[in-house]
Amino acid sequence: MEQILANGLYLGAQYALIALGLTLIFSLMNVLNFAHGQMYVFSGFVCYTVVVQLGLPFIVGLVVAAVVLAVMGGLIEKFLFRPVIRRSKRDESTMLLAAGIAFFLDALILLLFGEKQRGIPKVVNGVFNWDFRLIMPYDRILICVLAIAIIVSFILFMQYSKAGRAMRALAQDRMAAQLMGVDVDRYSMIGFAMGAMLAGLVGALLVSITGVNLGMGGPTSIKAFLMIMIGGAGVISGAIIGGFILGMMESVGLSVLSSYGDVTYLLIFASLMIFLAIRPQGLMGKPWG
Amino acid sequence: MNTNTETMAAKGSVTARILGMAAFLALVFVAVPMFIAATGRSDFYYTLTSVALLAIGAAGVWLTFYIGRINIGQGAYALMGGYVSAILITQAGVSFWLTLPLAGIFCAVISVLIGLPILRLRGVYFAMVTLVLTEVARLTALALPITNGAKGITSIPLPGELSVLGITLIPDFSTLQNPRQAFYMVAVALMVLVYLVLWRIVNTRLGHLCRSLQQNEELSASIGVNTTWLRILAYAISSFFGGVAGAMFVSISQSIYPSSFVVQDSVNFVLYCFLGGLGYVFGPMLGTLLLYFGWDLLSVFKQYQLLIYSGSMIALMLILPNGILSLLDKKEGGK
Amino acid sequence: MTRMLDFDNVELYYDHVYALKGVSIHLDEGETVALIGANGAGKSSILRAITGLRKIKSGSISYLGDRLDGTSAADIVRRGIAMVPEGRRVFPLMSVKDNLLMGAFTRTDKLDIEQTLESILTRFPRLRERFNQQASTLSGGEQQMMVIGRALMAKPKLLLLDEPSLGIAPKLVQDIARAIVAISRDEGVSVLLVEQNSRMALSISNRAYALSTGQIVLSGNSRELLDDPRVKAAYLGGEV
Amino acid sequence: MEARAAWLNELGGVQIGDTTYDIQIVAFDDQKDPKRAIAGMERMAQEGVHYVVGPNVDDGAAAVRPVAEQQGIMYFPYSFPKELFSPPASNAILGMVANYQSGPAIYAYLKENKGVQKVAFVAANESDPLSQRDSGVEAAKALGLEVVSDKVTYQVDTTDFSPVLLPVLQSRPDLLVLSGVSPANAPQLIRSARELGYEGLISTETGQDASVLAEGAGELANGFISVGGASTPELASDTMREFVDRYTKMFGEYNDESNTKVYALEYIIETLKANPAALTDVEEYKKTIDTFEAPNPFMVGDAKLRYVGRSSFGQKRQVSVPLVVTEYKDGAFETLFVAEVD
């Protein structure tokens with residue numbers, strides 16, 4: 001039992017971090033970022049390149065990956081999403097753009113980093129073992145702690161900094177925020193960059209544990225969609241709760257249902273559909289986003 | 001499928017429409033086979049057959065757009081339809097031609113059950129739920145005994161003879177010299193049928209009601225439109241199209257796996273619609289042709305194929321964010 | 001008195017439909033001016049044009065002698081124009097405190113902001129009581145107080161109020177009216193007030209303009225207009 | 001394959017019959033989508049290609065079968081379902097050693113040399129791994145081993161395998177078989193198993209990539225048993241070594257998969273040399289299969305290129321590559337033993 005909970009917590013922390021970035025972008029721009037998973041993968045490869053190919057410490061890889069992704073996010077917002085949003089008749093047109101960007105990143109990853117699975121050496125060795133009731137390698141504990149620390153600092157930033165307040169205001173009422181003198185373009189760009197950076201941080205963190213490969217992008221995006229649906233799209237607390245719930249469900253399901261074959265995700269998906277039919281806005285969301 | 005055909009259809013004068021239709025039919029049924037015969041590129045048959053079938057699925061997605069819903073779940077119905085057809089053929093020995101409508105009807109019935117709760121959702125919520133639906137369909141196909149799990153159903157026989165009152169309408173495919181051409185003809189005929197139905201729907205009272213739903217649901221509900229029924233109906237028709245397309249695909253590949261239609265396919269259906277333009281009935285058809293056929297043509301660029309494909313998709317989006325057919329809007333606006 | 005705002009022969013339309021057809025109004029320093037008229041007459045469009053939310057088609061808007069049209073919304077706030085939008089538009093998931101702080105978004109001096117905040121909390125004691133509560137939990141009247149306070153956080157010279165009495169309990173409408181009068185008196189702020197409740201608007205303003213279908217149909221001293229039968233006609237949208 | 005083709009062309013091409021040909025490889029990316037795989041096969045037929053190496057997955061391989069048979073194409077899929085290679089099918093040739101051939105050999109070896117008694121299987125919930133698991137279970141049972149867990153499956157996109165492996169390891173196996181594991185998943189699974197305290201053996205029947213294992217699992221992967229390519233130092237001829245050099249120059253990194261594919265190309269060319277009529281008619285090719293034999297340029301000694309598979313498929317529809325079982329050790333594979341498939 002302890003083991004299942006610990007696994008759930010570990011998964012939940014990384015999931016929540018992925019969902020945070022996605023929900024931030026969604027809340028600010030009403031864009032469902034299909035390329036989120038690809039950004040995560042891209043960042044994993046950047047971190048790999050810095051750590052394995054250039055032989056620099058992991059922390060450098062983490063920082064470089066975060067910076068690269070933030071810049072990439074900002075540029076994508078400024079040169080792709082902004083003009084399209086301005087000129088298209090429907091919000092949904094951005095979906096095609098996001099999907100195009102997802103394909104493009106896939107192609108870029110393939111050309112730059114190849115199709116192989118890549119990973120970096122363990123950051124710390126050793127395994128925490130509490131009487132075989134709870135086994136957790138130290139590097140997982142470290143990554144989990146780092147992920148939670150990033151989540152906490154993100155919340156603090158959004159809660160107490162001027163920029164964080166501006167982004168929350170923008171998400172809650174775009175027009176009123178404009179009237180307060182918030183520069184919508186500027187903060188949309190900052191928000192997108194931060195969302196991409198969060199995806200990048202998770203990718204760089206996890207490359208030390210799970211490694212990365214080209215095919216991970218799509219499934220990661222789908223999982224991230226799941227989480228923000230559980231919690232409610234565009235709400236920070238919802239993304240965090242959604243991430244932890246999915247992590248727990250996955251951990252519990254895989255352990256409890258293992259004898260019935262691979263039905264965990266089927267059950268998660270099916271129960272999610274029923275849940276959404278009853279509560280469309282998710283746990284914390286506003287009705288209709 | 002040239003733009004002239006669509007321009008005429010869109011402008012709407014009756015004669016122009018009939019002429020456009022005739023030109024289109026001549027193009028797909030006569031000109032394309034002649035072109036293929038002349039160039040010997042018979043592999044285009046399969047590609048164009050795929051385009052026709054995917055366009056059918058995309059037509060369904062387009063119809064759900066028409067009631068203001070983004071449907072990223074068409075892959076689920078294509079997969080469902082495919083399995084219904086495959087199971088009926090291999091286990092009950094039903095003729096393929098009968099399974100085709102049955103697959104559609106099965107999907108329509110299921111979609112009503114699923115649609116009742118989820119069609120209340122809007123915007124990204126509906127979109128994401130339907131995306132999940134695709135995964136549910138795949139995982140269900142993996143888990144069920146009747147679908148044979150991950151191993152799929154293989155060695156499905158080719159479509160047999162279709163005869164009414166002793167008259168052979170469609171001969172047994174396995175006796176044909178060129179089954180690919182036959183598949184092409186059938187698929188294109190189906191596509192033409194589907195788009196005629198779609199076009200009819202759009203130009204009747206039902207279509208007007210759908211449009212009002214797209215613009216303002218509360219308002220339409222308040223003036224007495226039965227919005228629930230309307231949404232269910234549109235969604236059921238959409239899923240019917242998806243099921244038929246899936247079933248037809250299975251008969252061509254003679255096999256089906258849980259991976260035959262996945263999230264990527266669902267997303268692609270949506271992209272076809274966007275790219276073509278949501279404002280026009282023929283948008284999804286054009287979008288499918290460009291994206292699917294375009295991909296094949298780009299294969300000459302080898303490892304840069306995906307880069308060029310996605311790059312041009314993004315560029316197109318920047319130039320024409322409302323779809324290719326929005327070019328027609330501009331012309332009309334200029335007058 | 002200095003001319004504060006000159007709204008000269010402005011045309012504005014939404015998607016080919018006229019919202020304003022050559023409207024001219026002006027406002028002097030220290031004045032409270034009301035814009036009255038039926039729903040859709042174009043009152044709110046004037047405010048949106050001033051704050052830069054809508055681009056004008058022709059004409060000009062000047063503020064303290066400088067052109068205002070064409071500058072960004074953020075710049076307009078910085079130059080001393082704050083608006084209380086129609087329907088209040090609170091940030092529902094933010095605390096009262098954060099809502100108020102958003103009002104001072106363009107200001108940078110922390111100490112100065114603290115002082116303004118303190119004066120607003122003194123003016124609206126209810127906000128002090130609810131200081132850390134989420135804005136969505138406030139009553140309609142409290143929310144209205146809060147968004148007025150939020151606008152004052154910008155230390156504006158010109159305050160634009162869009163339908164402050166809409167959806168507020170009648171008893172509280174008076175409170176709001178009193179607050180507006182007090183603000184303009186104490187802070188020396190000029191006020192441009194858009195109201196459907198013409199009685200309230202005329203009773204607290206110096207001058208007023210009546211609009212109908214995007215045009216000024218009547219203007220003059222508020223006290224005189226209070227008894228003018230033509231005001232009623234303006235609400236019916238007809239010719240005066 | 002492109003590397004070998006370029007090399008052969010550089011040497012002046014290949015003489016088949018009286019004519020000397022340059023080899024041209026036509027590539028098609030099916031993106032693992034069966035629908036596209038069919039389109040690819042149609043393209044091949046269109047371009048007059050009669051010999052196709054691929055597809056690489058089960059659903060693609062099954063999907064292209066009708067096209068290949070109608071269009072007269074011999075194809076070398078890297079997927080194992082027996083019906084592709086057994087009569088009435090006759091156009092597919094298995095390009096490598098199948099797991100139901102390598103599995104029994106590995107289990108027998110481990111039973112004898114390492115005293116393995118209890119085996120647990122875990123597989124991805126996809127067509128190939130599942131079929132590999134099922135035949136692996138069968139083989140283990142036939143050898144008298146006890147199968148303690150064979151129900152657990154996982155999604156290929158799993159990022160954390162601890163919850164997946166937990167119930168498997170609780171059944172306390174001596175040998176954990178990762179059926180049909182992809183090179184991407186293998187290091188994660190090994191790492192998770194070791195980190196959960198598992199100390200027994202871990203094996204798979206498919207080829208793996210040493211550098212991926214080193215990056216993903218480090219020394220935790222030591223002792224991992226897998227099927228190697230045919231280019232182990234003991235077996236590789238000078239030709240093979242030069243090929244690896246050339247490949248590395250062209251594509252940067254050498255791996256097992258391309259190794260088996262170069263064999264497929266060699267078989268095609270040599271068989272065509274033996275019967276030039278097969279250039280345009282695959283029926284001729286099929287006739288040649290049964291008797292074909294040529295020296296194997298990639299292996300030391302007098303190894304032969306010939307077709308095998310009679311005991312598995314009832315007809316010769318498999319290329320003969322040596323079955324090399326290897327053990328991972330500090331970033332490289334060491335050969336455990338070598339066997340041959342009949």
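Quick note on labels: first sequence line is chain A, next is B, and so on, each numbered from 1. Scope of the values below: all heavy atoms of this structure, side chains included, with no hydrogens, waters or symmetry mates.
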Open item on the list: Can you give me the closest heavy-atom contact between Leu139(B) and Leu266(A), atom names plus distance?
Closed with: CD1-N, 3.6 Å

Open item on the list: I'd like to check Met95(A) versus Phe274(B) (side-chain heavy atoms, cut-off strictly below 4.5 Å). Are they in contact?
Closed with: yes

Open item on the list: Applying side chain to side chain contact (heavy atoms under 4.5 Å, CB included) to Leu226(A) and Met128(B), what does each step give before you reach the verdict?
Closed with: CA-CA 8 Å; Leu226(A) 271 186; Met128(B) 288 194 286; over 6 Å; no

Task: CZ on Phe269(A) to CG on Leu131(B), rounded to 0.5 Å - done: 8.5 Å

- [ ] Let me know if Leu105(A) has heavy atoms under 4.5 Å from chain B in its side chain, its backbone, both or neither.
- [x] neither

Task: Contact class of Val136(B) relative to chain A, heavy atoms under 4.5 angstrom - done: both

Task: Engaged part of Leu276(A) at the chain B interface, taking heavy atoms whose separation is under 4.5 Å - done: both

- [ ] Evaluate the side-chain proximity of Tyr272(B) to Leu96(A): yes if any heavy-atom separation is below 4.5 Å, no if none is.
- [x] no

TODO: Could you note down all residue pairs passing salt bridge (charged side-chain N to carboxylate O under 4.0 Å, His left out) where residues 265-285 of chain B supplies at least one of them, sequence neighbours left out?
DONE: Asp265(B)-Lys35(D)

TODO: Ignoring hydrogens and angles, tell me if any N or O in the side chain of Arg87(A) forms a donor-acceptor pair with the backbone of Leu318(B) under 3.5 Å.
DONE: yes

TODO: Under 4.5 Å heavy-atom distance to chain A, tell me which part of Gln305(B) shows up: side chain, backbone, both or neither.
DONE: neither

Task: Any side-chain heavy-atom pair of Tyr304(B) and Leu110(A) under 4.5 Å - done: no

- [ ] Could you tell me which non-hydrogen atom of Ala143(B) sits nearest to which non-hydrogen atom of Val263(A), and how far apart they are?
- [x] CB-CG1, 4.4 Å

Task: Per-residue contact mode, Val267(B) against chain A (heavy atom under 4.5 angstrom) - done: side chain

Open item on the list: For Leu133(B), which atoms come within 4.5 Å of any heavy atom of chain A: side chain, backbone, both, or neither?
Closed with: both

Open item on the list: For Tyr309(B), which atoms come within 4.5 Å of any heavy atom of chain A: side chain, backbone, both, or neither?
Closed with: side chain

Open item on the list: Looking at every heavy atom in both Gly100(A) and Ser310(B), which two are closest together, and how far apart are they?
Closed with: O-CB, 3.5 Å

Open item on the list: To the closest 0.5 Å, what do you measure between OG1 (Thr130(B)) and CE (Met273(A))?
Closed with: 8.5 Å

- [ ] Go through the atoms of Phe79(A) and report whether side chain, backbone, both or neither lie under 4.5 Å from a heavy atom of chain B.
- [x] backbone

- [ ] Check each atom of Ile85(A) against the heavy atoms of chain B and say whether the ones under 4.5 Å are side chain, backbone, both or neither.
- [x] neither

Task: chain B contact via Leu111(A) - side chain, backbone, both or neither, heavy atoms under 4.5 Å - done: side chain

Task: Among Ile118(B), Leu316(B), Ile114(B), Leu278(B), residue most engaged with chain A (heavy-atom pairs, under 4.5 Å) - done: Leu278(B)

Task: Atom OH of Tyr66(B): over 12 foreign heavy atoms under 6.0 Å - done: yes

Task: Separation of Leu97(A) CG from Met313(B) CE (nearest 0.5 Å) - done: 8.5 Å

Open item on the list: If I measure from the heavy atoms of chain A, does Leu119(B) come under 4.5 Å with its side chain, its backbone, both, or neither?
Closed with: neither

Open item on the list: Nearest 0.5 Å, please: how far is CZ in Phe104(A) from CG in Leu306(B)?
Closed with: 9.5 Å

Open item on the list: Can you tell me which portion of Ala99(A) sits under 4.5 Å from chain B's heavy atoms? Options are side chain, backbone, both or neither.
Closed with: both

TODO: Look at atom CG of Leu113(B) and say whether more than 12 heavy atoms of other residues, nucleotides or ligands are closer to it than 6.0 Å.
DONE: yes

TODO: Give, for atom CZ of Phe225(A) and atom CD of Glu135(B), the distance between the pair rounded to the nearest 0.5 Å.
DONE: 12.0 Å

- [ ] Give a yes or no on this: more than 12 heavy atoms of other residues, nucleotides or ligands lie within 6.0 Å of atom CZ of Arg186(A).
- [x] no

Task: Per-residue contact mode, Leu307(B) against chain A (heavy atom under 4.5 angstrom) - done: both

Open item on the list: Filter on salt bridge (charged side-chain N to carboxylate O under 4.0 Å, His left out), then keep only pairs touching residues 213-229 of chain A, sequence neighbours left out; what's left?
Closed with: Lys223(A)-Glu250(A)

Open item on the list: For Ile268(A), which atoms come within 4.5 Å of any heavy atom of chain B: side chain, backbone, both, or neither?
Closed with: neither

Open item on the list: Would you say that Met229(A) contacts Val132(B) through its side chain, given a criterion of any heavy-atom pair below 4.5 Å between the two side chains?
Closed with: yes

